[in-house]
2 protein chains.
Amino acid sequence: MRKKQVAPTQELPQTAWAVLGLLSFPGERTGYELKKWADASLRFFYWSPAISQIYAELRRLEALGYARSERSGPEEPRTKRRYAITDGGRAALAQWAAAEAVESGPPVLKHGVLLRVWLGHLAAPDRLRALVAEHIEGTRDRLREVREARGQASGVGEWVFPELALRWSERQHLAELELAEALLADLDELTVRAPGDGS
Amino acid sequence: MRKKQVAPTQELPQTAWAVLGLLSFPGERTGYELKKWADASLRFFYWSPAISQIYAELRRLEALGYARSERSGPEEPRTKRRYAITDGGRAALAQWAAAEAVESGPPVLKHGVLLRVWLGHLAAPDRLRALVAEHIEGTRDRLREVREARGQASGVGEWVFPELALRWSERQHLAELELAEALLADLDELTVRAPGDGS
DNA sequence: ATCCTCATGTAAGCTGTTACATGATTCC
DNA sequence: GGAATCATGTAACAGCTTACATGAGGAT
């Protein structure tokens, strides 16, 4: 009975690893801070869990010995609980991160706009084009946000990787923009070749 | 008390609309067939629900009057239940599809590989590159599958839109490939500028 | 005979969200 | 004084997956 017998590491949902990942960067943080950070950065290439779930994951991670926390004493104004990763947590996380690409499975993409385009036969052509145009607007907004987040990123030490991820995100949003423009062009061509009726 | 008082259409999860969408194309189908189709096509730009959930959604859609079904009699070898969309279902679906782009929210992307890259400070540089390389392989495989699916698509009548969606998917996978290559290059540059140790 | 595909479902259980409750602090 | 933000949680429940159960038909 040394420590825990190889522990199959894998049994946790990705979200748990994502939260533990947030803790793996220097500094101790509250659940609240984690949520802000996830909103500002993680969400662009992965996902930002609800705050209530972050709290739940933190409790689970602590129960597993992957994180520890301490309640701030009266020296601080607010009562808050700051979490830090443990050595065991760091080891488990590193092991998880080193898994094969297959383990993470293909990226999950749920594209509501495409779902609607796929059902284009039910909509007026103009409505469809408007939908894609709105999507382009939204993507531009998000691209701005990614760039903002990138601006904040320092890019030194362990922070190079989050910066890399954000750089990827920026490119990804640019690609999304191009895909949407191409889609719009496809829709236009469709209307030209098969007008509402007539000729 | 006319029919149902405008009915707020919206209250269903996207998945329900996706399943109803599958039914909105010509022909009647069993849940089993729907699943096969979702696996072959829907999943590339949206998602393929578990078979058990498809059955559940079909029951719900029927309860709502959006679909109807009939059990195949003894004229057919196997006992199966074929579903068809109703007029009410088609109307509700059309209304849902016509909503603003904002309603569908931004595309949801959960990229496990990026999550791991984001945690690059915990991994050996080589492992990280291998991870991305494996991801590229996987993406190539999926690209092939998209192309295969596109090959099957007829591209006439209401089928133009599914074809459009698959064309988008093909481009999307090509973009994913380029993003991964660029990421690989970024990782290489990182190693050059900050080698393991020494010079 | 055996295995694969077709075909439909039930049950248990986890993941994750929204809504709610609570209270302190800071900013205007 | 009031609103926004900080901060943490609970409870209810929707969504979805896995595993299991069942059985027929077709292929080897």
Side-chain angles (χ1 to χ4, degrees), chain A residues 10-20 22-23 28-40 42-43 46-64 67 69-83 105-106 108-110 112 115, chain B residues 10-20 22-23 28-40 42-43 46-64 67 69-83 105-106 108-110 112 115:
Chain A
Q10 243 58 321
E11 331 283 70
L12 287 172
Q14 285 210 322
T15 302
W17 298 114
V19 171
L20 189 56
L22 288 165
L23 287 179
E28 309 199 339
R29 291 169 199 76
T30 67
Y32 192 88
E33 287 166 339
L34 256 29
K35 171 60 175 167
K36 302 288 277 310
W37 186 16
D39 279 348
L42 233 206
R43 77 152 211 263
Y46 190 68
W47 168 61
S48 184
I51 177 71
S52 64
Q53 204 196 343
I54 288 183
Y55 286 125
E57 293 294 355
L58 286 171
R59 284 190 290 267
R60 160 155 60 179
L61 290 170
E62 184 159 36
L64 286 169
S69 73
E70 44 186 74
R71 206 167 194 89
S72 70
E75 74 283 359
E76 267 186 298
R78 284 156 206 271
T79 316
K80 48 181 91 168
R81 181 174 289 275
R82 280 223 175 65
Y83 284 85
V108 173
L109 176 63
K110 285 175 95 167
L115 187 58
Chain B
Q10 244 54 324
E11 330 283 73
L12 287 172
Q14 286 211 321
T15 301
W17 298 114
V19 172
L20 190 56
L22 287 165
L23 287 178
E28 309 199 339
R29 290 168 199 79
T30 67
Y32 192 88
E33 288 165 339
L34 257 28
K35 171 60 176 167
K36 301 288 277 313
W37 186 17
D39 279 347
L42 233 207
R43 77 150 208 263
Y46 191 70
W47 167 63
S48 184
I51 177 69
S52 63
Q53 204 197 342
I54 288 183
Y55 287 125
E57 294 294 355
L58 286 171
R59 284 190 290 268
R60 161 153 61 179
L61 291 170
E62 183 160 37
L64 286 169
S69 71
E70 44 186 73
R71 205 164 195 91
S72 69
E75 73 285 358
E76 267 186 299
R78 284 156 205 271
T79 317
K80 49 181 89 168
R81 181 174 288 275
R82 280 224 177 65
Y83 285 85
V108 173
L109 177 63
K110 285 175 95 166
L115 187 59

What pair of heavy atoms forms the shortest contact from [X] to [Y], and how long is it?
X	Y	value
Gln53(A)	Thr15(A)	NE2-CG2, 3.8 Å
Arg81(B)	Ser69(B)	NH1-OG, 2.7 Å
Ile54(B)	Lys35(B)	CD1-CA, 3.6 Å

Can Leu20(B) and Leu12(B) be said to form a side-chain contact (heavy atoms from CB on, under 4.5 Å), step by step?
-> CA-CA 11 Å; Leu20(B) 190 56; Leu12(B) 287 172; over 6 Å; no
What's the spacing between Leu109(A) CG and Lys110(B) NZ if we round to 0.5 Å?
->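 Those atoms lie 12.5 Å apart.
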Give the rounded distance in Å between these two atoms: [atom1] of [X] and [atom2] of [N].
X	N	atom1	atom2	result
Arg43(B)	dC16(D)	CZ	P	18 Å
Glu57(B)	dT8(C)	CD	C1'	16 Å
Glu62(A)	dT8(D)	CD	C1'	14 Å
Arg71(A)	dC6(D)	CZ	C1'	14 Å
Ile54(A)	dC6(D)	CD1	P	14 Å
Trp37(A)	dA7(D)	CH2	P	16 Å
Glu11(A)	dT18(D)	CD	P	15 Å
Gln14(B)	dG16(C)	CD	P	18 Å

5'-most by nearest nucleotide on DNA chain C - Arg59(B) or Lys36(B) =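 Whichever sits nearer the 5' end wins; that is Lys36(B).
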Between Ser48(A) and Tyr55(B), just flag the one whose closest nucleotide in DNA chain C comes earlier from the 5' side.
-> Tyr55(B)
Distance below 4.0 Å between [X] side-chain N/O and [N] OP1 or OP2:
X	N	value
Thr15(B)	dC16(D)	yes
Arg82(B)	dC6(C)	no
Arg60(B)	dG15(D)	yes
Trp47(B)	dT17(D)	yes
Gln53(A)	dT17(C)	yes
Lys35(A)	dT5(D)	no
Lys110(B)	dT15(C)	no

Nearest to the side chain of [X] - [options]?
X	options	value
Pro13(B)	dA7(D), dA7(C), dG15(D)	dG15(D)
Lys80(A)	dA7(D), dA7(C), dG16(C)	dA7(D)
Tyr32(B)	dA7(D), dA7(C), dC16(D)	dA7(C)

Could you tell me whether Arg60(B) and Glu57(B) have a side-chain N and a carboxylate O separated by less than 4.0 Å?
-> yes
Evaluate the criterion side-chain contact (heavy atoms from CB on, under 4.5 Å) for residue pair Ser48(A) and Asp39(A); output intermediate values, then yes/no.
-> CA-CA 6 Å; Ser48(A) 184; Asp39(A) 279 348; 2.6 Å; yes
Could you go through nucleotides 18-20 of chain C and list every protein N or O atom that sits under 3.5 Å from one of its N or O atoms, giving the distance for each pair?
{"from": "dT18(C)", "atom 1": "O4", "to": "Ser52(A)", "atom 2": "OG", "distance (Å)": "3.1"}

Is any side-chain heavy atom of Val108(B) closer than 4.5 Å to a side-chain heavy atom of Val108(A)?
->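 A side-chain contact is absent here, since even the closest heavy-atom pair is not under 4.5 Å.
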